Amino acid sequence: MSSRLTGVGVGPGDPELVTVKGVNALRAAEVVVVPVMDTGERGRAEATVLHYVPAEKVVRVVFALNERTDRKRREAAWDAAGERVAGLLREHGSVAFATIGDPNVYSTFTYLAQTVGELVPGVVVATVPGITAMQDLAARSGAVLTEGTEPLTLVPVTAGSAVLKEALAGPGTVVAYKFGRQAGEVAAALRETGRLDDAVWGSALGLPEESVRSAAEMDGTPLPYLSTLIAPPRRGGGRGGKL
């Protein structure tokens with residue numbers, strides 16, 4: 001039988017936001033891998049997984065999750081993680097990899113699956129979708145992501161604030177991920193494009209330290225790295241005005 005690697009989206013942090021299919025996939029796998037930084041602290045994915053599977057089933061694998069400048073170090077970490085997961089697949093046959101959010105949206109699982117596919121011929125790779133931070137923030141803040149014919153643009157601010165500013169100048173809602181370290185530049189871009197007053201940001205969604213606030217409160221102080229921003233467009237014309 002072919003071995004199977006399943007990327008399971010476990011949502012942004014609130015364990016109640018893991019789907020039934022996600023829980024079933026975690027429990028069905030013989031081993032559940034969770035990514036950790038080389039500093040060793042427990043991440044959101046691991047904390048969420050432990051609500052549904054016993055600790056002895058969980059294997060922590062180090063990834064350079066916060067490494068953006070040293071490509072050699074980052075790729076070495078990916079290679080080591082791939083080798084570790086490939087070994088687990090050869091031993092157990094069925095491995096789930098838990099990732100925050102969704103495994104097909106800016107997820108470490110993408111790189112892991114590519115590496116494991118080269119190391120384990122015939123491995124079956126599957127994903128279970130998860131609720132994203134933008135969906136959770138929209139629910140918690142009351143922000144509407146899209147109406148009618150509006151587009152939705154998702155920007156990782158790690159690509160630079162200029163990319164965000166360009167998106168904000170266009171139509172529709174703009175969502176920004178990982179913008180906390182550049183909060184000052186993000187606030188300036190919102191102000192310049194007339195989007196500051198209607199925008200909201202959030203971090204640690206569903207966790208005790210959760211923060212959901214108006215973007216107008218940003219004063220340039222750096223925010224948590226995994227902060228999410230929703231900047232809706234100006235909406236007029238009453239109900240259904242965007243149809």
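If you're wondering where the values come from, they're calculated on a predicted model, not measured in any experiment. Computation of the quantities below employed the complete heavy-atom set of this structure, encompassing side-chain atoms and omitting hydrogens, waters and symmetry-equivalent molecules.
For Val23, the side-chain contact (heavy atoms from CB on, under 4.5 Å) test picks out Val18, Arg27, Tyr52, with sequence neighbours left out. The side chain to side chain donor-acceptor pair (under 3.5 Å) test applied to Thr127 returns Asn104, not counting sequence neighbours. For Phe179, there are no ring-ring contact (aromatic ring centres under 6.0 Å, His included) partners, not counting sequence neighbours. With sequence neighbours left out, Ala169 forms a side-chain contact (heavy atoms from CB on, under 4.5 Å) with no residue at all. For Thr132, the side chain to side chain donor-acceptor pair (under 3.5 Å) partners at least two apart in sequence or on another chain are Gln135.
Residue pairs satisfying the salt bridge (Lys or Arg N to Asp or Glu O under 4.0 Å) criterion with at least one member in residues 183-193, sequence neighbours excluded, are listed as follows: Lys165-Glu192. Pairs engaging residues 82-94 under the side-chain hydrogen bond (donor to acceptor under 3.5 Å, both in side chains) rule: none recorded [sequence neighbours left out]. Applying the salt bridge (Lys or Arg N to Asp or Glu O under 4.0 Å) rule to pairs touching residues 211-233 yields nothing, sequence neighbours excluded.
A distance of 12.5 Å separates OG1 in Thr193 from CD in Glu166, rounded to the nearest 0.5 Å. Note that OG1 of Thr228 is 10.0 Å distant from NZ of Lys178, once rounded to the nearest 0.5 Å. Put simply, CG on Leu26 and OG1 on Thr48 are 10.0 Å apart, with the number rounded to the nearest 0.5 Å. Separating the CG atom in Asp197 from the OG atom in Ser214 is a distance of 7.0 Å, to the nearest 0.5 Å. Separation of atoms CG (Leu137) and CD (Glu210) is listed at 9.0 Å; rounding is to 0.5 Å. The CG atom of Leu229 sits 10.5 Å away from the OG1 atom of Thr173 when rounded to the nearest 0.5 Å.
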TODO: Kindly determine whether Leu154 and Val105 satisfy side chain to side chain contact (heavy atoms under 4.5 Å, CB included), including the steps that lead there.
DONE: CA-CA 10 Å; Leu154 176 59; Val105 180; 3.9 Å; yes
- [ ] Give the intermediate values and the outcome of side chain to side chain contact (heavy atoms under 4.5 Å, CB included) for residues Tyr106 and Thr99.
- [x] CA-CA 10 Å; Tyr106 300 128; Thr99 178; over 6 Å; no
TODO: Could you please spell out the steps behind the side chain to side chain contact (heavy atoms under 4.5 Å, CB included) verdict for Val61 and Phe97?
DONE: CA-CA 10 Å; Val61 175; Phe97 179 87; 6.0 Å; no
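Among all heavy-atom pairs drawn from Ala96 and Ala25, the shortest one is CB-O, 4.3 Å. Closest approach of Arg4 and Leu89 over heavy atoms only: O-CD2, 3.3 Å. Here the closest heavy-atom approach between residue Val157 and residue Ala176 is recorded as CG2-CB, 3.7 Å. Of all heavy-atom pairs between Pro171 and Pro151, the closest is O-CG, 3.7 Å. Closest approach of Ala98 to Val34, counting heavy atoms only: CB-CG1, 4.2 Å. For the pair Val174 and Ala167, the tightest heavy-atom approach, listed with the atom from each and the gap, is CG2-O, 3.5 Å.
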Only distances under 3.5 Å count here; give the side-chain donor-acceptor pairs of residues 8-15 to other protein atoms, sequence neighbours excluded, each with its distance to 0.1 Å.
from	atom 1	to	atom 2	distance (Å)
Asp14	OD1	Glu16	N	2.9
Asp14	OD2	Arg140	NH2	3.1

Side-chain donor-acceptor pairs under 3.5 Å in residues 200-207, sequence neighbours left out?
none

Table please: side-chain donor-acceptor pairs of residues 113-123 below 3.5 Å, with sequence neighbours left out.
from	atom 1	to	atom 2	distance (Å)
Thr115	OG1	Tyr111	O	3.0

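The side-chain heavy atoms of Phe109 and Asp102, taken from C-beta on, include no pair separated by under 4.5 Å. Between Val95 and Val59, the closest side-chain pair of non-hydrogen atoms is not below 4.5 Å. Put simply, the side chain of Leu50 reaches to within 4.5 Å of the side chain of Arg42, judged on heavy atoms.
Note: the hydrophobic cluster containing Val53 does not contain Val36 (ILVMFWY, side chain heavy atoms under 4.5 Å, direct or indirect links). Under the 4.5 Å side-chain heavy-atom criterion for grouping Ile, Leu, Val, Met, Phe, Trp and Tyr, Val128 is connected to Val58 within one hydrophobic cluster. Cluster annotation: Val186 and Tyr177 are assigned to distinct hydrophobic clusters (Ile/Leu/Val/Met/Phe/Trp/Tyr, side-chain heavy-atom contacts under 4.5 Å, transitive).
Other residues sharing the hydrophobic cluster of Leu17, ordered by chain and number and joined by side-chain separations under 4.5 Å: Ile131.
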